[in-house]
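Data block below; observations after.
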Amino acid sequence: MKNLFIVKHVLILLCSVMSSWGIAQEPMSKPIPVLTLGTFHFDFPNLDKIQYAKDEMIDVLEPRYQDEINKLVNALSEFAPTIIVIERPVKMQAEIDSLYKLYQEDKYFLHRGEYEQIGFRLAKKLGINRIYCVDEWGKHYNDIAELLEDENSDDFIQFENSFYNHPDSIKEYYPESVFKECGIIPELILLNNPENIKRSLGNYLIGHFKYEANGDDFTGVDFETGRWFNRNLRIFRNIQRIKTESKDRILVIFGSGHMNILNYLFECSPEYCLYDVSNYLNIQN
């Protein structure tokens, strides 16, 4: 009890001294609300591992899908974002600024990409004057960069083959798409299901992740470190770079695969408060 009394008074004295020196800790500012919307790519570029045949795709410009997108935009407007973040490279910011300005002036017809169909449309509806590009590629270790440099080398060919041909393919998890049968919003509900997001990260921890060039190295691990984990950390850092005020609210529109890292980072960060997107996807037809 005596020791506790001494410790208590030492802490009080220390706080008093710190305050007199002008280094007392400022109260932590209120975390900024964040809503993440994981999507499929509306324009089907087929740049991801899951590829779609022509007869599996939908055309989001068709009236029924445009109606869904308008309902989605109206629902997302209830979150009242002041900042909208999209999956476009930072180096494209000037181009996106230009296209969005034309759209604001009714001089641009939206293309199929979800960053335009949702991002541009919502930003204009809410009077937001800029949409932020925050996408990045990850940085590789030197030995991985050297491996990827020569696509004709035996090492690269062996490495590339392991990406598509490995015994773990049966363990990979990809929920079956429902956009063609059920529509865009049911697909987004599926993609943003927390269990599906969690399980999707497992795809980056098997197969290619376990590739070893010499039987006891970390080639696959190091590759995925740059390709996926470092990439999403850089994306998160780009979001941190956006100047914010206490009134701001951030909407992140990105491919759903990124949410297995980004959502976790937002949940852990003391600067942000992650909201549940399912509250905005329960839209009545």
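Surrounding OH of Tyr141 are at most 12 heavy atoms belonging to other residues, nucleotides or ligands under 6.0 Å away. For NZ of Lys180, the number of neighbouring non-hydrogen atoms (other residues, nucleotides, ligands) closer than 6.0 Å is greater than 12. The environment of OH in Tyr52 is crowded: more than 12 heavy-atom neighbours from other residues, nucleotides or ligands sit within 6.0 Å.
Closest heavy-atom contact between Gly257 and Asn260: O-ND2, 2.9 Å. Of all heavy-atom pairs between Ser77 and Lys125, the closest is OG-CE, 3.6 Å. Of all the heavy atoms in Tyr275 and Pro33, the pair that sits closest is CE1-CB, 3.4 Å. Of all the heavy atoms in Asn192 and Thr36, the pair that sits closest is OD1-O, 3.9 Å. The heavy-atom pair separating Asp168 from Gly207 by the smallest distance is OD2-N, 2.8 Å. Nearest heavy-atom pair across Cys133 and Pro89 is CB-O, 3.4 Å.
At a threshold of 4.0 Å, the pair Glu224-Arg227 counts as salt-bridged, since one of the basic side-chain nitrogens sits closer than that to a carboxylate oxygen. We find that Arg64 and Glu68 are not joined by a salt bridge, their nearest charged nitrogen and carboxylate oxygen being 4.0 Å or further apart.
Annotation: side chain of Asp106 is in contact with side chain of Lys124 (closest heavy-atom distance under 4.5 Å). Here the side chains of Tyr132 and Ile84 are not in contact, with every heavy-atom distance at 4.5 Å or above.
We find the CD1-CG distance between Ile118 and Leu76 to be 7.0 Å, quoted to the nearest 0.5 Å. Annotation: the span from Thr244 atom OG1 to Ile250 atom CD1 amounts to 6.0 Å, rounded to 0.5 Å. One finds the CD1 atom of Ile189 at 5.5 Å from the CG atom of Leu281 (value rounded to the nearest 0.5 Å). Note: Phe209 CZ to Thr225 OG1 = 7.0 Å, rounded to the nearest 0.5 Å. In this structure, Phe254 CZ and Tyr115 OH are separated by 12.0 Å, a value rounded to the nearest 0.5 Å. In this structure, CD1 in Ile32 is found 8.0 Å from OG1 in Thr82, a value given to the nearest 0.5 Å.
Within the 6.0 Å centre-distance limit, the rings of Phe40 and Phe42 are counted as a close aromatic pair.
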Result block: side-chain N/O donor-acceptor pairs under 3.5 angstrom for residues 142-159, not counting sequence neighbours:
| from | atom 1 | to | atom 2 | distance (Å) |
| --- | --- | --- | --- | --- |
| Asp150 | OD1 | Asn152 | N | 3.0 |
| Ser153 | OG | Asp150 | O | 3.0 |
| Ser153 | OG | Phe156 | N | 3.1 |

> What do the steps show when you test Asp97 against Gln93 for side chain to side chain donor-acceptor pair (under 3.5 Å), and what is the final call?
Replying inline: CA-CA 6 Å; Asp97 287 345; Gln93 186 66 60; 2.8 Å; yes
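A side-chain donor from one of Arg234 and Asn230 sits under 3.5 Å from a side-chain acceptor of the other. A donor atom on one side chain and an acceptor atom on the other are found under 3.5 Å apart for Asn129 and Gln104. Counting only N and O atoms by type, the side chains of Asn196 and Arg199 include no donor and acceptor under 3.5 Å apart. Looking only at atom types and distance, the side chain of Glu116 has a donor-acceptor partner in the side chain of Tyr108 under 3.5 Å away.
Residues satisfying the ring-ring contact (aromatic ring centres under 6.0 Å, His included) criterion with Phe120, sequence neighbours excluded, are Tyr100.
The ring-ring contact (aromatic ring centres under 6.0 Å, His included) with His258 is formed by just one residue from the set Phe236, Phe266, Trp228; it is Trp228.
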